[in-house]
Amino acid sequence: MTAKPRLFSGMQPSADSLHLGNYIGALLSWKELQETHEAFFFLADLHAITVPQDPTALRENTRRTAAQYIAAGIDPSRSTLFVQSHVPAHAQLAWVLNTITGFGEASRMTQFKDKAAKQGNDAASVGLFTYPILQAGDILLYQANQVPVGEDQRQHVELTRDLATRFNSRFGETFTVPEAYILKETAKVFDLQNPQSKMSKSSESPAGIVWVMDDEKTTAKKIMRAVTDADASVTFDRENKPGVANLLTIFSVLGERSIESLENEFAGRGYGDLKKALAELVTSILGPIRTRTLELLDDPAELDRILAINADRASEVAEATLAQVYDRMGFLPRATLR
Ligand code: ATP
Ligand code: LTN
């Protein structure tokens, strides 16, 4: 039997709920990929503090995000699902990688430039600047072959590959050079109120975001009020009819049906019918995930126990890589005391 390829991905626990974009764009693929890969999924809490976080909220959001991963189908007895700060090797490897990253190289990261501009450049922290290096360490610690992420993360995976190659050539073969597994563009979800922009937790229009933890009534209402256009024909045209195209995309992915079959089914019927059917579909999927999440959150001790077992599993792999890195760097090993 050949070993399954290793997969590594994660999200920042920076909100109390995931949204439909995270579910369709990331979790659905992760769930599928865990069948064919040896998967590691984590909650990037060290990354989350690169922008100001309220400590109480961060702790709560970390549990809530973990519960939503599990409720959405990430199986913690099959995939390794853990919290980044539970495995100190992440911070340790990031430090080493900092020292082989060029200042200019890090300065070219577009996500940093965007996020720093948003905060006002003076307010941005050095942690935000080195965020991609921490991310490189996450991936390299697990010797991952593939990293499923959205297009916006491609540059960070490229940096990871460069750092891996550089380290290997300077200090000897140590890291697997990973590949980005770019999630399908067809799985991109747009804001319901502003269908030119992607659905994002930092969006300005609360009515444009479907939260996994919204109750069913709220979800249905948001879908019924989604922006469409005056034309009233249910056809897929991303350029001219982005609102309708977005609804059709969501329907197609969640209903596992082709866009064409949806166009046929709703031909000659108004947007109201399409939205009503979509609202039923979305709530029938998100409803049970929300219920399961709340059940998991009802027993935080059990959830924390699952995360601890998984952190142990992750640590084993991470510690082995870090030990090799420390050795290659020339750090003096600490003697074992008798
Ligand atoms: P932010 O508002 O901070 O950009 P976000 O809500 O866009 O956050 P991220 O934390 O950046 O979400 O992304 C987590 C994962 O979800 C990534 O793998 C990303 O590709 C995916 N994702 C985020 N938004 C969408 C979307 N609208 N459609 C599809 N996938 C998405
Ligand atoms: N930057 C990613 C989260 C993230 C990540 C990672 C994803 C941090 N470390 C390692 C994949 C692999 C994001 O914001 N989606």
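Just so you know, these numbers come straight off a predicted model, no measurement behind them.
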Residue pair T283 / E216, side-chain donor-acceptor N/O under 3.5 Å: no
Under 3.5 Å: donor-acceptor pair, side chain of S233, backbone of D231: no
Pair up each side-chain donor or acceptor in residues 316-323 with any protein partner under 3.5 Å, not counting sequence neighbours, and list the distances.
| residue | atom | partner | partner atom | Å |
| --- | --- | --- | --- | --- |
| T321 | OG1 | L141 | O | 2.7 |
| T321 | OG1 | V317 | O | 3.3 |

Show me, pair by pair, the donor-acceptor contacts under 3.5 angstrom made by side chains of residues 306-315, not counting sequence neighbours?
| residue | atom | partner | partner atom | Å |
| --- | --- | --- | --- | --- |
| N310 | OD1 | L81 | N | 2.8 |
| N310 | OD1 | R313 | NH2 | 3.1 |
| N310 | ND2 | P76 | O | 3.3 |
| N310 | ND2 | I306 | O | 2.9 |
| R313 | NE | T80 | OG1 | 3.3 |
| R313 | NH2 | P76 | O | 3.0 |
| R313 | NH2 | S79 | O | 2.9 |
| S315 | OG | A311 | O | 2.9 |

Pair K31-D75, salt bridge (Lys or Arg N to Asp or Glu O under 4.0 Å): steps then yes or no: CA-CA 8 Å; K31 184 174 142 186; D75 176 357; over 6 Å; no
Residues which pass salt bridge (charged side-chain N to carboxylate O under 4.0 Å, His left out) with R238, listed by chain and number, not counting sequence neighbours: none
Short side-chain to backbone donor-acceptor contact, Q146 and E179, under 3.5 Å: no
Pairwise side-chain contact, I209 with K201, heavy-atom cut-off 4.5 Å (strictly under): no
With E295 via side chain to side chain donor-acceptor pair (under 3.5 Å) - residues at least two apart: R292
Closest heavy-atom pair and its distance - P178, A144: CB-O, 3.4 Å
Exercise: do Q135 and Q153 side chains pair donor with acceptor under 3.5 Å: yes
Qualifying residues under side-chain contact (heavy atoms from CB on, under 4.5 Å), relative to N240, sequence neighbours excluded: D237
Name every donor-acceptor pair, under 3.5 Å, that has one atom in a side chain of residues 96-107 and the other anywhere in the protein, sequence neighbours excluded.
| residue | atom | partner | partner atom | Å |
| --- | --- | --- | --- | --- |
| N98 | ND2 | A94 | O | 3.3 |
| T99 | OG1 | V96 | O | 2.5 |
| T101 | OG1 | L97 | O | 2.7 |
| E105 | OE1 | G102 | N | 2.9 |
| E105 | OE1 | R166 | NH1 | 2.9 |
| E105 | OE2 | R166 | NH1 | 3.4 |
| E105 | OE2 | R166 | NH2 | 2.7 |
| S107 | OG | F103 | O | 2.6 |

Side-chain polar contacts of residues 113-120 - donor-acceptor pairs under 3.5 angstrom, sequence neighbours left out - could you list them?
none

N-O pairing of K4 and E38 below 4.0 Å: no
Set of residues satisfying salt bridge (charged side-chain N to carboxylate O under 4.0 Å, His left out) with respect to R257, sequence neighbours excluded: E265
Backbone of S261 reached by a side-chain donor or acceptor of S258 within 3.5 Å: yes
Residues D214 and K222 bridged, charged N to O under 4.0 Å: yes
Residue pair L274 / F251, side-chain heavy-atom distance below 4.5 Å: yes
Partners meeting side-chain contact (heavy atoms from CB on, under 4.5 Å) with P242 (sequence neighbours left out): P195, Q196
Donor-acceptor side-chain pairing of Q12 and H47 below 3.5 angstrom: no
Qualifying residues under salt bridge (charged side-chain N to carboxylate O under 4.0 Å, His left out), relative to D45, sequence neighbours excluded: none
Residues forming a ring-ring contact (aromatic ring centres under 6.0 Å, His included) with Y181, sequence neighbours excluded: none
Partners passing salt bridge (charged side-chain N to carboxylate O under 4.0 Å, His left out) against E35 (at least two apart in sequence or in another chain): R78
Within-4.5 Å side-chain heavy-atom neighbours: I74 and Q34: yes
Value rounded to 0.5 Å, distance of CZ in R154 from OG1 in T110: 12.0 Å
Side chain to side chain donor-acceptor pair (under 3.5 Å) between T218 and D215, worked out: CA-CA 6 Å; T218 308; D215 62 47; 2.7 Å; yes
Donor-acceptor pair, side chain of R6 and main chain of A39, under 3.5 angstrom: no
Given F82, F42, F41, the one that forms ring-ring contact (aromatic ring centres under 6.0 Å, His included) with Y142: F82
S205 and D191: side chain donor to acceptor below 3.5 Å: yes
